[in-house]
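The next block holds one structure in the form of structure tokens; read it before the comments.
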There are 2 protein chains.
Amino acid sequence: MTAGGRGGLAAALEQVGQRWALLVIAELLDGAQRYGDLQRSLGVPTNILATRLKELQEAGVVVRVPMSHNVLAYELTDRGRGLAGAIAELARWGEPAEQP
Amino acid sequence: MTAGGRGGLAAALEQVGQRWALLVIAELLDGAQRYGDLQRSLGVPTNILATRLKELQEAGVVVRVPMSHNVLAYELTDRGRGLAGAIAELARWGEPAEQP
DNA sequence: CTGCATCCGGAATGATACTG
DNA sequence: CAGTATCATTCCGGATGCAG
């Protein structure tokens, strides 16, 4: 039953195909970040960021980890880090063509 | 100036991050297809498909190629085929975990 | 001060009817 | 067959409010 890919791709896009989702994950690939840091470094609206982080947690891509008391951060799960390859490919594809 | 990836990723998502865009491209990876074929195999609304195909042409990802007289099809450009890796990674990530 | 929730206008999406 | 036109629904984005 090789799902072929169409189904897998559709499933992937349902989980991380929303606007800003892959950008948030790409930021978290550099390490855990706090809410405000993600907001400032990405320039994403606060309501969208809150919604995405909630959805990504339900998808098992991101987890909320407490640091010191009163301070918490968001971190990728193993499943979330599994997107590193796809993100790298997309990023390389999107880079302006450079002639050596 | 290693564009790093954030910029490249954002640029990629602006071109192929819209809904259905990557699914259309994935279908075209199997070879050129006609409008009605894409519509039926993907189940995408006709107005969305028309819009995406127009945008993907402007992005240089897809070209409209005439076949026999009165029949035309959509085909990926080299740039479009450059997304094969990213799509394969996403599809594999989205596949349900299979335990043998 | 950080981490969200709410409200609202505008853009994107989807279902369907219509045209060359 | 290959789209375009129209309208309802949903999503997104910016401003703002509010609790811990």
Side-chain angles (χ1 to χ4, degrees), chain A residues 6-7 9-28 30-59 61-77 80 90, chain B residues 6-7 9-28 30-59 61-76 80:
Chain A
R6 328 289 137 46
L9 182 57
L13 292 176
E14 285 211 0
Q15 299 176 61
V16 297
Q18 316 282 358
R19 202 154 242 161
W20 294 105
L22 285 177
L23 274 323
V24 169
I25 296 168
E27 269 296 310
L28 292 180
D30 287 347
Q33 304 231 359
R34 295 168 57 191
Y35 187 95
D37 293 337
L38 287 171
Q39 198 177 332
R40 273 182 296 281
S41 56
L42 289 175
V44 48
T46 177
N47 53 350
I48 304 294
L49 179 57
T51 304
R52 288 297 167 272
L53 287 173
K54 208 174 303 177
E55 295 168 348
L56 291 175
Q57 285 177 73
E58 291 170 5
V61 172
V62 162
V63 281
R64 216 165 52 147
V65 295
M67 308 190 80
S68 52
H69 65 296
N70 230 344
V71 176
L72 58 104
Y74 290 89
E75 190 177 20
L76 289 180
T77 63
L90 270 175
Chain B
R6 327 291 137 46
L9 181 57
L13 292 176
E14 286 213 359
Q15 300 176 65
V16 296
Q18 316 283 359
R19 203 157 233 157
W20 295 105
L22 284 177
L23 289 169
V24 168
I25 296 168
E27 269 296 311
L28 292 179
D30 288 346
Q33 304 229 1
R34 295 167 58 187
Y35 188 95
D37 293 336
L38 287 171
Q39 198 177 331
R40 264 177 271 94
S41 56
L42 289 175
V44 49
T46 176
N47 54 351
I48 304 294
L49 179 56
T51 303
R52 288 297 168 272
L53 287 173
K54 212 174 299 180
E55 294 168 348
L56 291 175
Q57 285 177 73
E58 291 170 4
V61 172
V62 162
V63 280
R64 214 164 54 149
V65 296
M67 308 190 80
S68 53
H69 68 298
N70 233 342
V71 177
L72 58 103
Y74 290 89
E75 189 177 22
L76 289 181

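- The nearest pair of heavy atoms linking B:N47 to B:T51 is O-OG1, 2.8 Å.
- Scanning DNA chain D 5' to 3' for nucleotides with an atom closer than 4.0 angstrom to a non-hydrogen atom of chain A gives a first and last hit of D:dC12 to D:dT16.
- Here the shortest heavy-atom pairing between B:L72 and B:R64 reads CD1-CG, 3.6 Å.
- Atom C1' of nucleotide C:dT2 and atom CD of A:Q39 are separated by 10 Å, given to the nearest angstrom.
- For A:R34 and C:dG3, the shortest distance from a side-chain N or O to OP1 or OP2 is below 4.0 Å.
- Side-chain contact check for A:E75 versus A:L28: every heavy-atom pair is 4.5 Å or farther apart.
- Put simply, A:K54 has no side-chain N or O that comes within less than 4.0 Å of OP1 or OP2 on C:dC4.
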What N/O pairs connect the protein and nucleotides 13-20 of chain C at under 3.5 Å? Give each pair on its own line.
residue	atom	partner	partner atom	Å
C:dT13	OP1	B:R19	N	3.3
C:dT13	OP1	B:R52	NH2	3.0
C:dT13	OP2	B:R52	NH2	2.2
C:dG14	OP2	B:W20	NE1	2.6
C:dG14	N7	B:N47	ND2	3.2
C:dA15	N6	B:N47	ND2	2.4

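- When heavy atoms are screened at a 4.0 angstrom cut-off, A:L49 is found touching no nucleic acid atom at all.
- Counting only distance, with no hydrogens or angles, the side chain of B:Y35 and the backbone of B:T46 share a donor-acceptor pair below 3.5 Å.
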With a 3.5 Å cut-off and sequence neighbours excluded, list the donor-acceptor pairs that the side chains of residues 9-20 of chain A form with protein atoms.
residue	atom	partner	partner atom	Å
A:Q15	OE1	A:R79	NH2	2.9
A:Q15	NE2	A:A11	O	3.3

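- Only one option out of A:V62, A:V24, A:D30 pairs with A:L76 in a side-chain contact (heavy atoms from CB on, under 4.5 Å); it is A:V62.
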side-chain contact (heavy atoms from CB on, under 4.5 Å) evaluation trace for B:L38 with B:L49: CA-CA 8 Å; B:L38 287 171; B:L49 179 56; 4.1 Å; yes

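- To the nearest 0.5 Å, atoms CZ (A:R52) and CG (A:L42) are separated by 12.5 Å.
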